[in-house]
Amino acid sequence: NVNNNNVNNNNSAVSLETSQATFLTDLSILLCLKNGDLYILNLIVDGISPISLKLRKVGTSIRASCVSRFRNNFLFLGSRFADSLLIRFQITQLKQIKVDEGNNINNNN
């Protein structure tokens with residue numbers, strides 16, 4: 001059960017082919033798709049068992065060849081196709097990620 005109501009109003013598919021991913025929290029995963037779109041996949045749990053997934057587009061960036069989280073609030077997006085990025089982010093709520101990287105990534109609350 002993937003809730004993609006926040007992705008857009010039509011039922012478009014998200015392809016994970018050649019995508020990159022990293023955990024932001026124990027229940028949130030950042031997905032970097034091959035076209036540069038960034039999504040947060042939230043795992044909705046009941047105790048310890050996942051019961052649902054919520055997928056939300058949070059912005060667009062470079063086409064990442066690798067992604068890594070470090071020092072609690074930094075992401076490294078490495079790319080063979082463009083300049084790599086070091087991004088500072090802040091988790092403002094359990095399900096909301098604020099990205100501080102200038103004009104390269106737009107935060108869609």
Side-chain angles (χ1 to χ4, degrees):
N1 179 20
V2 176
N3 177 357
N4 67 350
N5 292 335
N6 291 329
V7 176
N8 54 38
N9 289 333
N10 59 20
N11 292 324
S12 63
V14 173
S15 173
L16 298 179
E17 180 183 356
T18 70
S19 66
Q20 302 297 317
T22 190
F23 276 92
L24 298 177
T25 68
D26 291 341
L27 300 174
S28 296
I29 303 167
L30 175 70
L31 301 172
C32 303
L33 304 186
K34 68 180 179 179
N35 65 355
D37 287 345
L38 301 175
Y39 287 85
I40 300 290
L41 177 64
N42 288 306
L43 308 173
I44 311 302
V45 296
D46 181 16
I48 60 170
S49 300
I51 59 171
S52 181
L53 301 172
K54 182 177 180 184
L55 185 64
R56 180 170 55 112
K57 184 176 179 180
V58 294
T60 302
S61 186
I62 62 170
R63 182 175 174 186
S65 302
C66 66
V67 62
S68 183
R69 177 183 178 213
F70 62 99
R71 291 196 180 182
N72 293 328
N73 61 345
F74 286 97
L75 290 169
F76 175 75
L77 277 70
S79 178
R80 293 178 287 196
F81 309 101
D83 291 336
S84 297
L85 297 175
L86 180 62
I87 299 171
R88 182 173 38 170
F89 73 95
Q90 177 181 359
I91 300 174
T92 56
Q93 294 178 9
L94 182 59
K95 296 180 183 177
Q96 179 180 358
I97 307 297
K98 179 181 178 184
V99 178
D100 178 18
E101 202 279 316
N103 294 326
N104 289 334
I105 298 178
N106 297 318
N107 186 16
N108 299 329
N109 290 327

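The structure displayed is predicted, hence computed values, not measured ones. When a residue number appears, it is its place in the shown sequence, counting from 1.
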Distance-minimising heavy-atom pair for [X] and [Y]:
X     : Y     : result
Ser84 : Ser79 : OG-N, 3.1 Å
Leu30 : Val67 : CD2-CG2, 4.2 Å
Lys34 : Glu17 : NZ-OE1, 3.6 Å

Approximate separation, where rounding is to 0.5 Å, of [X] [atom1] and [Y] [atom2]:
X     : Y     : atom1 : atom2 : value
Lys57 : Asp37 : NZ    : CG    : 3.5 Å
Leu85 : Phe74 : CG    : CZ    : 13.5 Å
Cys32 : Leu75 : SG    : CG    : 7.5 Å
Leu41 : Ser28 : CG    : OG    : 8.0 Å
Ile44 : Leu53 : CD1   : CG    : 8.0 Å
Ile62 : Leu38 : CD1   : CG    : 9.0 Å

Short side-chain to backbone donor-acceptor contact, [X] and [Y], under 3.5 Å:
X     : Y     : answer
Ser65 : Arg80 : yes
Arg69 : Leu24 : yes
Ser68 : Phe76 : no

According to side chain to side chain donor-acceptor pair (under 3.5 Å), who are the partners of Ser19, at least two apart in sequence or on a separate chain? none

Counting C-beta onward and ignoring hydrogens, is there a side-chain heavy-atom pair between Leu31 and Leu55 closer than 4.5 Å? yes

Would the number of heavy atoms belonging to other residues, nucleotides or ligands and lying under 6.0 Å from CG of Asn35 be above 12? yes

Testing Ile29, Leu33, Val58 one by one against Tyr39 for a side-chain contact (heavy atoms from CB on, under 4.5 Å), which residue passes? Leu33

